[in-house]
Amino acid sequence: MAKTFYLTTPLYYVNASPHIGHSYTEVAADCLARYRRLKGEAVFFLTGTDEHGQKIEQAATAAGKAPQMFVDEMVERFKALWTLLGISHDDFIRTTEPRHVTVVQACLTRLHDENALFHATYDGWYCTPCETFWTKDELAATGGSPTCPNCQRPLEAVKEEGWYLPLRRHQDWLRRFLKAHPPFIQPQTRYNEIASLLEQPLPEYLCITRPRRRVGWGIPVPFSDRHVTYVWFDALLNYLSAPGYGVDAERFEGLWPADVHFIGKDILRHHAVYWPIILHALGLSDERMPRLIFAHGWWKIGEQKMSKSLGNIVDPYAIVQQFLKGQSFAADVYRYFLLREVPFGQDGAFSEDAILGRLDADLADDLGNLVNRALSMIERYRKGVIPDFGSENDRLGRVTDDDDLKEEALQLSGRLDESMSNLSFADALGSIFQLVTHANRYIENQTPWLYAKDTTGQERLNTILRSLAEVIRIVSITLEPFMPSVSAAIWQQLGMGGTPRRLADASRWPGISSGQPLGARSVLFPKSEAGAAG
Ligand code: MSP
């Protein structure tokens, strides 16, 4: 039996409400999960929340709440956002759940029992917002100043006794593994970044505990009641605990290794260095390493970094429920924008104008216009029933245009497959919209309204209308991973019943039963000038 396609998102910190960055990773992962399902594959899409550590503890204190109560409330904001955005995860793991805690403790015990951990005193720097340790050597690269190389915020000097996982001991193995598996980290720039990091000696050890007297909110370390687990060691293990590592062997075997870990570029080192080393230390072989770590870029706000202190955090709820409130498919407009605006892997500039630009140009003028024009002609000229293709001898020499359109439509799923196998979401959407543009041009060139007036042009009109209906059907199928609600709405307007379920149907022509009546129709994307978006 084919292995289930297993993909993950990072576990989001619940110290504050979700923002555009969180929704970006989530929407991208959802798009891939939906795409794989549409291809007929079994998929396990895991997401969740990172609920331990100093940063959460401090946020709970600031809110005047006990940490557990605080995280229980915060997690709901993430879950509700995923519902709003149509996220189709198969599992949602919280690091405070017993099923996770048990696995983390079992891993700690195992490493301890195998003498794979060291006890020592750490004397160095710590970044609480990133929950990350930095050695003096690593800081030297930034001029030795005590600010975090990742987020540039001030570091805290820490000197504390704890348990350590050796890193350097695994460095040669990791370097060799990377060389033998160039697709392990993508995009290529991120692969190069880690490959060059591994040319320098790694820090000797990674501290994987925190003293309980300073950080109370963490998973207790089974062999030391003075310690809790370092939040990154805890959180990374979710990728093992959710599929049942050490608990349900059969389930685990069907899921592991992860096919894709989606992450942002800021947490590359944790995923591309610490994580494989943890797995290696736990005795997992090279074949059992995750297959791909994909680090996407960051959304900036115009030219600025998004940050609480600048007060420019983009709240997805505000975009979808307020800014786009006149849109019936606001969540899909937002998904489309995220996936189309920036090549996945690069940084992007967010602005409300950029969303409106996409909404008006691509969605209203191209896609909405195509669906509206084609279906209203079927309504007007054929009483709302999709006609059969006209008979050959009536094609009046327009064969090439028909064939070109059909050919591009039938090539679409192949193009999509190529783009999606590289996680090039923007390219995939580009191909779908190229077909949409082509179909709009076809309408202009074919002038169906002229045939409608002429009794001898009726067969030709049938061919044009049917070709358009078939293209719209294929667009509806291929849009499903990107804009699931829009895809379903188009499908229903075509009178297809249910929702698109199989990508393979995009390679069929025709795929509509002749004589099929259209479903109820409505405008998909009201233009923003009409006050629809604000
Ligand atoms: N809890 C850790 C992950 C543990 S995974 C075992 C964490 N959480 S986070 O909430 O801070 O970040 C989650 C994700 O959001 C990261 O992938 C990060 O890159 C992403 N983003 C945070 N800000 C972002 C932008 N401005 N733009 C795009 N994504 C960004 O790190």
Side-chain angles (χ1 to χ4, degrees), residues 7-29 46-56 59 71 74-75 77-78 81-82 92-96 100 103-104 107 127-132 148 150-153 190 208 217-219 229-242 258 260-276 278-279 290 293-310 312-316 319 337-339 341-351:
L7 73 166
T8 69
T9 70
L11 297 195
Y12 309 106
Y13 285 128
V14 288
N15 61 313
S17 293
H19 58 59
I20 185 176
H22 305 126
S23 67
Y24 188 44
T25 328
E26 197 71 17
V27 164
L46 175 68
T47 190
T49 41
D50 193 348
E51 303 190 353
H52 290 124
Q54 206 165 340
K55 162 165 159 158
I56 309 273
V71 298
M74 293 300 289
V75 73
R77 300 196 197 171
F78 284 83
L81 181 62
W82 302 158
F92 187 107
I93 189 157
R94 300 177 57 183
T95 55
T96 48
H100 174 71
V103 172
V104 172
C107 290
C127 175
T128 307
C130 296
E131 297 277 20
T132 297
C148 173
N150 199 17
C151 73
Q152 279 77 48
R153 278 177 278 209
R190 303 295 165 208
I208 58 161
W217 185 236
I219 297 182
T229 312
Y230 169 45
V231 63
W232 267 103
F233 184 85
D234 158 356
L236 285 164
L237 283 170
N238 91 87
Y239 303 133
L240 289 183
S241 65
V260 189
H261 290 311
F262 280 94
I263 58 164
K265 64 180 184 180
D266 54 315
I267 53 175
L268 180 62
R269 193 167 60 131
H270 307 79
H271 281 81
V273 178
Y274 302 163
W275 179 227
I278 292 172
L279 293 171
I293 294 163
F294 194 104
H296 64 67
W298 267 43
W299 285 96
K300 291 193 199 145
I301 312 308
E303 293 297 302
Q304 280 180 325
K305 200 173 164 178
M306 190 171 70
S307 78
K308 240 189 235 165
S309 50
L310 291 173
N312 62 356
I313 305 266
V314 176
D315 171 5
I319 299 294
F337 172 78
L338 293 180
L339 296 171
E341 184 72 0
V342 181
F344 200 56
Q346 294 179 21
D347 289 347
F350 174 87
S351 71

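One is the number of the first residue; the rest follow in order along the sequence. Predicted model only: the values in this text are computed from it and were never measured. Order of appearance sets the numbers: ligands from 1, and atoms from 1 within every ligand.
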Checking Glu131 side chain against Gln54 main chain: does a donor-acceptor pair fall under 3.5 Å? yes
If the cut-off is 4.0 Å to any non-hydrogen atom of Met306, which atoms of ligand 1 fall inside it? 26 (N)
Among all protein non-hydrogen atoms, which one is nearest to atom 15 (O) of ligand 1, and what is the separation to 0.1 Å? His22 CD2, 3.7 Å
What part of His19, side chain, backbone, both or neither, has a heavy atom within less than 4.0 angstrom of ligand 1? side chain
Suppose we call two aromatic rings close when their centres sit under 6.0 Å apart. Are His271 and Phe294 close by that rule? no
Students often mix this up, so state it plainly: with edges at 30° and 60°, are the rings of Phe78 and Trp82 parallel, tilted or perpendicular? perpendicular
The answer for which part of Asp266 has a heavy atom under 4.0 Å from ligand 1 is side chain
Lys300 and ligand 1 - part of the residue with a heavy-atom distance under 4.0 Å: neither
Hey, which atoms in ligand 1 end up nearer than 4.0 Å to a heavy atom of His296? 28 (C), 29 (N)
Among Val231, Asp50, Leu236, Thr8, which residue places a heavy atom closest to atom 1 (N) of ligand 1? Asp50
Polar atom proximity, Trp299 to ligand 1 (N or O, under 3.5 Å): yes
Measure the CE-OG distance between Met74 and Ser17 for me, rounded to the nearest 0.5 Å. 4.5 Å
Under a 4.5 Å cut-off applied to non-hydrogen side-chain atoms, are Val71 and His52 in contact? no
Protein heavy atom at shortest distance from atom 5 (S) of ligand 1: Leu11 N, 3.4 Å
N/O of Lys265 under 3.5 Å from N/O of ligand 1, yes or no? no
Under 4.0 Å between a side-chain nitrogen and a carboxylate oxygen: does that hold for Arg94 and Asp50? no
Please confirm whether Phe262 approaches ligand 1 to less than 4.0 Å, judged on its heavy atoms. no
Distance to 0.1 Å, residue and atom name: give those for the protein heavy atom nearest to atom 11 (O) of ligand 1. Tyr13 CD1, 3.3 Å
Is there a donor in the side chain of His100 and an acceptor in the side chain of Asn238, or the other way round, less than 3.5 Å apart? no
What is the closest protein heavy atom to atom 16 (C) of ligand 1, and at what distance does it sit? Ile267 CD1, 3.8 Å
Any side-chain heavy-atom pair of Leu46 and Thr9 under 4.5 Å: no
Closer than 4.0 angstrom: is that true for some heavy atom of His270 and an atom of ligand 1? no
Would you mind listing which atoms of ligand 1 come within a distance below 4.0 Å of any non-hydrogen atom of His271? 5 (S)
Do the two ring centres, one from Tyr24 and one from Trp298, sit under 6.0 Å apart? no
As an exercise, state the distance from SG of Cys127 to NZ of Lys55, rounded to the nearest 0.5 Å. 8.0 Å
Under 4.0 Å from any heavy atom of Pro10, which atoms of ligand 1 are there? 3 (C), 5 (S), 17 (O)
Flag the pair Pro18 / Asp315 as yes when at least one side-chain heavy-atom distance between them is below 4.5 Å, and no otherwise. no
Of the side chain and backbone of Lys305, name the one, both, or neither that has a heavy atom under 4.0 Å from an atom of ligand 1. neither
If we only consider heavy atoms of Gly297, is any one of them less than 4.0 Å away from an atom in ligand 1? yes
Any chance the rings of Phe262 and His296 have centres within less than 6.0 Å? no
So does Lys265 have more than 12 non-hydrogen atoms from other groups sitting under 6.0 Å from NZ? yes
Check each of Tyr239, Tyr274, Phe78 against atom 6 (C) of ligand 1 and report the one with the nearest heavy atom. Tyr239
Atom 13 (C) of ligand 1 sits nearest the protein heavy atom Tyr12 CD2, 3.4 Å
Show me which atoms of ligand 1 lie under 4.0 Å from any heavy atom of Ile263. 17 (O)
Can you figure out which of Trp232, Trp275, Phe233, Phe350 has its heavy atom closest to atom 4 (C) of ligand 1? Trp232
When you measure from atom 17 (O) of ligand 1 to every protein heavy atom, which one gives the shortest distance, and what is it? Gly264 N, 2.8 Å
Out of all atoms in ligand 1, which are within 4.0 Å of some heavy atom of Ala235? Include the element for each. 6 (C)
Give a yes-or-no answer on whether the side chains of Glu26 and Tyr12 include a donor-acceptor pair shorter than 3.5 Å. yes
What is the closest protein heavy atom to atom 25 (C) of ligand 1, and at what distance does it sit? Trp298 CD2, 3.5 Å
Roughly how far, to the nearest 0.5 Å, is OG of Ser351 from CH2 of Trp299? 9.0 Å
